[in-house]
Visitor: 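Below are the structure tokens for one structure; questions will follow.
Here is the naming used below: chain letters follow the sequence lines, and residue numbers restart at 1 for every chain.
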Amino acid sequence: MAVLVNEDTRVIVQGITGREGRFHTKLMLDYGTKIVAGVTPGKGGTEVYGVPVYDTMEEAVAEHPEANASIIFVPAKFASDAVYEAIDAGMKVVVVITEHIPVHEALGFVNYAKKRGTTVIGPNCPGIISPGKTKIGIMPGHIFSPGPVGIVSRSGTLTYEIAYALTKAGLGQTTAIGIGGDPVVGLTFTEAMELFERDPETKALVLIGEIGGDMEERAAKMVEEGRFTKPVVAFIAGRTAPPGKRMGHAGAIIMMGTGTYEGKVRALERVGVRVARTPMEIPDLIKEVM
Amino acid sequence: MAVLVNEDTRVIVQGITGREGRFHTKLMLDYGTKIVAGVTPGKGGTEVYGVPVYDTMEEAVAEHPEANASIIFVPAKFASDAVYEAIDAGMKVVVVITEHIPVHEALGFVNYAKKRGTTVIGPNCPGIISPGKTKIGIMPGHIFSPGPVGIVSRSGTLTYEIAYALTKAGLGQTTAIGIGGDPVVGLTFTEAMELFERDPETKALVLIGEIGGDMEERAAKMVEEGRFTKPVVAFIAGRTAPPGKRMGHAGAIIMMGTGTYEGKVRALERVGVRVARTPMEIPDLIKEVM
Amino acid sequence: MKLFEFEAKEILKKYGVEVPPSVLIARGEDPAAKLAEAGLEPPVVVKSQVLVAGRGKAGGIKIANTLEEAVELVNKLFETPIKGLKPSYILVEKAIPHDVELYAAIVIDRSERKPVVLASKYGGMDIEEIAREKPESIVRLHVNPEVGLRGYHARSIGKKIGLSGKALSSFANFLTALYRVFMDYDAELAESNPLALVGDKVIPLDARLIVDDNALYRHPELGERKIEETGEYTEWEIRARKMGLAFVELDGDIGIIGNGAGLTMTTMDLVYEYGGKPANFLDIGGGASAELVKTAVGFLFEFPKARKIFMNIFGGITRCDEVARGVVKAIEELGGLRKPIVIRLSGTNEEEGREILRQAGLEAFTDPIEAVKKVVSL
Amino acid sequence: MKLFEFEAKEILKKYGVEVPPSVLIARGEDPAAKLAEAGLEPPVVVKSQVLVAGRGKAGGIKIANTLEEAVELVNKLFETPIKGLKPSYILVEKAIPHDVELYAAIVIDRSERKPVVLASKYGGMDIEEIAREKPESIVRLHVNPEVGLRGYHARSIGKKIGLSGKALSSFANFLTALYRVFMDYDAELAESNPLALVGDKVIPLDARLIVDDNALYRHPELGERKIEETGEYTEWEIRARKMGLAFVELDGDIGIIGNGAGLTMTTMDLVYEYGGKPANFLDIGGGASAELVKTAVGFLFEFPKARKIFMNIFGGITRCDEVARGVVKAIEELGGLRKPIVIRLSGTNEEEGREILRQAGLEAFTDPIEAVKKVVSL
């Protein structure tokens, strides 16, 4: 078992003929990800690393009805269309790597996906990996290893840092999900936690948050209400970030009073979630709680 | 029993303080319709024929939680808002009398109503009457009488003509629905027929169609497929209307080849529905089939 | 409201669609000067801007191989009535050589209650003709309004009508632009036929846009269409519309007045059924006042095709006494009973109405069939 | 992109909202002439057009009782820096007498993933202040995007903040217009505070609009905002942005470079944790080239606050060898190792990177904690 994606997941790469799409298709194939098709409008009939390319998702799915997930490397201007296309083509999981998608567009496709029962991961995210099974994303595969720890994270590189520390400490991962750094994302902490709660292999969860928004507070509430029952440890980036400044993708603090480092740590610690001071403490904390 | 509305239906009149709203509130009250509230923005706190008026549907429903239907006399420019407001306030049936609502707006609220489980009747319709029980519309009540015949009609006056003929022939009605003359309406022939099919008191149905669109053809298909099993007779207006001319509300014929009088009669007769040459033949035909 | 070809093309252009280079010449302008200024290279297409269907077959579209010929044709087309109507504008476009003519349109599907895209690889003929001759060529796609018509929908349609590569992209861009126009302009119809395939791009050679009359208040930029310019209405229909009457001219001799579209159409049908021929359709609607009835009756007094008048009223909201008063007023104020009139009154205040007529020397029928037989026999 | 007050008000006006009569004076224009031409009757409000919060408290808003006084104030405000920034425009508005100041805003609720309307009867102070002092006064409504914010939603909110009758209608019209602006302009925030209640209508005394930077390509009409005009950035931040670097200036002395926002923030946190103080945040993002790394290192060489540099790289897409090459290039091409530099390298091509650095005489750490301790100790 794993969360959302595993060795049976069959993937379509949208925007497969672009520089990024091509590069990561190779890396995903090398990792063992089962990529069955690619889509780039106007490039139907070609191949990328042996993967057949189609003009539309409709055709790709007609030829590869087993496909159930897609990953999007399409430029921001066309990325929303690609998400709708993936949802309409029946994908259960859609990973949106693309950065700089207008937030109103994200609102649109995220709400549409929910209605249609599709899980959108991202946008502006590194993707999802179930170590040893499949990697649908741009994370370096070798730093992850199979094991009992779930990871859900708002930050890319920080995920790698912590996953690598866990791996070195002998703590492998069921699944690691980078949910993306944009203000509006398709899969939130609490939604990811519902999935990890139901996954019997996941014995503990690492929550990697950052300043801005209130996802960490909502995660704490979920723990408090007993809707997430497994051990959780957390790390929150941005303790020393000055207020009102946009730190990379960490959004501004507009929702009254929420979004501060202190607020998040307080909310988590109040419900018994241990919050690490440095990413390097995470493996020890996990060992303590597991 | 009756279809959609009966003596238990509790009605809110939207646009109750306007000329039409006020006039028909009086006529509906006289008929025995249970009107519990009216809504006109800015006129909250007043009364119309003893009916309390509120600024919003939200307030009206808070005070009269038993309300389950509304009728809309709001001018075209504001009518769509009123429909959404009624749907959001939890009305099960919304009758839209208003004419001249842009068709793109009708598309919007009709689709929204379907998702929310609300039945919209109209726009541009005379409403619905379950004789002897309730009248939510602008039809003259006295020409209807209780009995076993259902009526569903695209035309207002023609409904009155035929209902009156039925009444004079001793054939009362369970419910008569004027679905409205606009190209896009909330309740179609086939949707109304599903309701009449399930109503045990309705023993036969009169279908009053007109040229344009393909609702009659779809009704015929429903009979053919055994999804409507009661006796049906029909009258179609516009046999001699010249093609391409808009005859009052009967729309132009843009959907290739459909919408002609001949096509509709052929479709209906092919599945055994008797089509009257004049409205006056309807009572005799009903007697024959019932 | 139907837009002229040049208006529809202007709008498409605003939405990023490439249209043929052109110049618009209004009646009274100097065609030679306008053409010289525009600098179009012949051959050019000279197109009468009228709102009637079948304009090409009626001689409203001509090709000119030189500018001199174009000037001649412009002058000629200004004087050529198309289905009875002389144009106020002529559009002169650069001729676009092409091999393939496609069809693309968006309309509202009443039953599905969604916009529907129609496309075919056989453009150049009417959609009805395509439907008859190449029905299997018509690709239909219903648009989920929540998602809109997006690039991938348009590409899927394009593939199904045989396009690929860059032509497919060009078609997809055109179709999504057409959809945005359809939505933004509250259109009942947005169509291009023919939509030419020129190399690997599509160019609309013709464009039609019909805007929902009920939504016109949201589009003040479209301005007012002079009813005379549309070519949709006869002289008497124009007069009626200006008086606020819902009137359609027909070919018979019995003037028809009814209340409600369905009943009025049915009245026409009844007249035919019993051997008569209606001269018109005239619907006074619901709740008509005596004044409106007077206007309607007076209008048919004037309308030369109507040799006699049949008025079929079923009183609901409309009150029979009010109708009767209007008839009497027309007779009293508009020069007497100028044509034979047969009246059927039924419903609300029927007796009062009948009494009012009786005092003016008129007898009303209750049964429409008897009334029809009577009027046909006159 | 934050819009200036006058821009936000122009847009609201286009959407039918009544705003105070005003005149905009650009730096270099003649205030007396502009004021005379505008014909505003005093008293007027003279408002510095800067994009910083708390403008009023910082002395950027003044009242003038005569036009002479207004001219003086305009001249004075042009020379008055607000949080370090002198304005390019001054807006002079007719003062609007009013008793009640409301608050109204629309933002995106990230967790609900819907637009949310916020309103309060206690305007005039920051929403954070209202939330602290009158939390029960804040009315919140999430907008179902399929339906939009319609009149009845706005009326419901208006009633809850105590409005009725015509004032309620005016507020509802304002709020639905604000929502249309919010949607049409891809806004992150659309706000009016204070929104004055004047008799039975509402008038926005201030207006804020922040447009999503990612959607700016859809709004070419907004033009380019000169980064110097925004007052959001320090001189060094402006220089960094023009070089394409994601850089935030801080108060310490350790220059920070990281890859990825989360890791870079964490690097700052680690520096603090071990007693140091970061001079900046500088994120080179994912997959940085040697050239970009060179630019970033060179920038910190110049940046005076950074006395020493700490580079924390975890290689994922970013390759450690590429980063190392960039560091070496900076040293070789930009004048040597101008400041002490501590580098932590881990992940993809870590060994290759370490070797490249070693050849240039630099030793990279593997453990970030050891690296932090080192840089703090320098």
Visitor: Quick check: does any side chain N or O of A/Asp81 sit under 3.5 Å from a backbone N or O of C/Arg150, one acting as donor and the other as acceptor?
Guide: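 Side chain of A/Asp81 to backbone of C/Arg150: no pair is present.
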Visitor: So for atom CD, which belongs to C/Glu133, do other residues, nucleotides or ligands contribute more than 12 heavy atoms lying within a distance under 6.0 Å?
Guide: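 Check passes, neighbour count above 12.
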Visitor: Is there a donor-acceptor contact under 3.5 Å from the side chain of C/Tyr152 to the main chain of A/Tyr84?
Guide: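 Yes, C/Tyr152 side chain to A/Tyr84 backbone: donor-acceptor pair under 3.5 Å.
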Visitor: Identify which part of C/Ser156 has an atom lying under 4.5 Å from any heavy atom of chain A, answering side chain, backbone, both or neither.
Guide: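 For C/Ser156, heavy atoms of backbone and side chain both lie under 4.5 Å from chain A.
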Visitor: At a heavy-atom separation under 4.5 Å, does A/Lys43 approach chain C through its side chain, its backbone, both, or neither?
Guide: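 It is neither, since no heavy atom gets under 4.5 Å.
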Visitor: Starting at OG1 of A/Thr56, measure out to CD1 of C/Ile157 and round the result to the nearest 0.5 Å.
Guide: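 Here the interatomic distance stands at 11.5 Å.
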Visitor: Counting heavy atoms not belonging to C/Lys166, are there more than 12 under 6.0 Å from its NZ?
Guide: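 No.
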Visitor: What do you reckon, is NZ of C/Lys34 surrounded by more than 12 foreign heavy atoms closer than 6.0 Å?
Guide: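 Result for NZ/C/Lys34: enclosed.
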Visitor: What do you reckon, is CZ of A/Phe78 surrounded by more than 12 foreign heavy atoms closer than 6.0 Å?
Guide: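 Check fails, neighbour count at 12 or below.
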Visitor: By a 4.5 Å heavy-atom criterion (distance strictly below it), what part of A/Asp88 contacts chain C: side chain, backbone, both, or neither?
Guide: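 Side chain only.
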Visitor: Return yes when atom NZ of C/Lys13 has more than 12 non-hydrogen atoms of other residues, nucleotides or ligands closer than 6.0 Å, and no otherwise.
Guide: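 Counting neighbours around NZ of C/Lys13, 12 or fewer heavy atoms of other residues, nucleotides or ligands fall under 6.0 Å, so no.
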Visitor: Among C/Arg155, C/Lys159, C/His153, C/Lys160, which residue satisfies the side chain to side chain donor-acceptor pair (under 3.5 Å) criterion with A/Glu58?
Guide: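 Result for side chain to side chain donor-acceptor pair (under 3.5 Å) with A/Glu58: C/Lys160.
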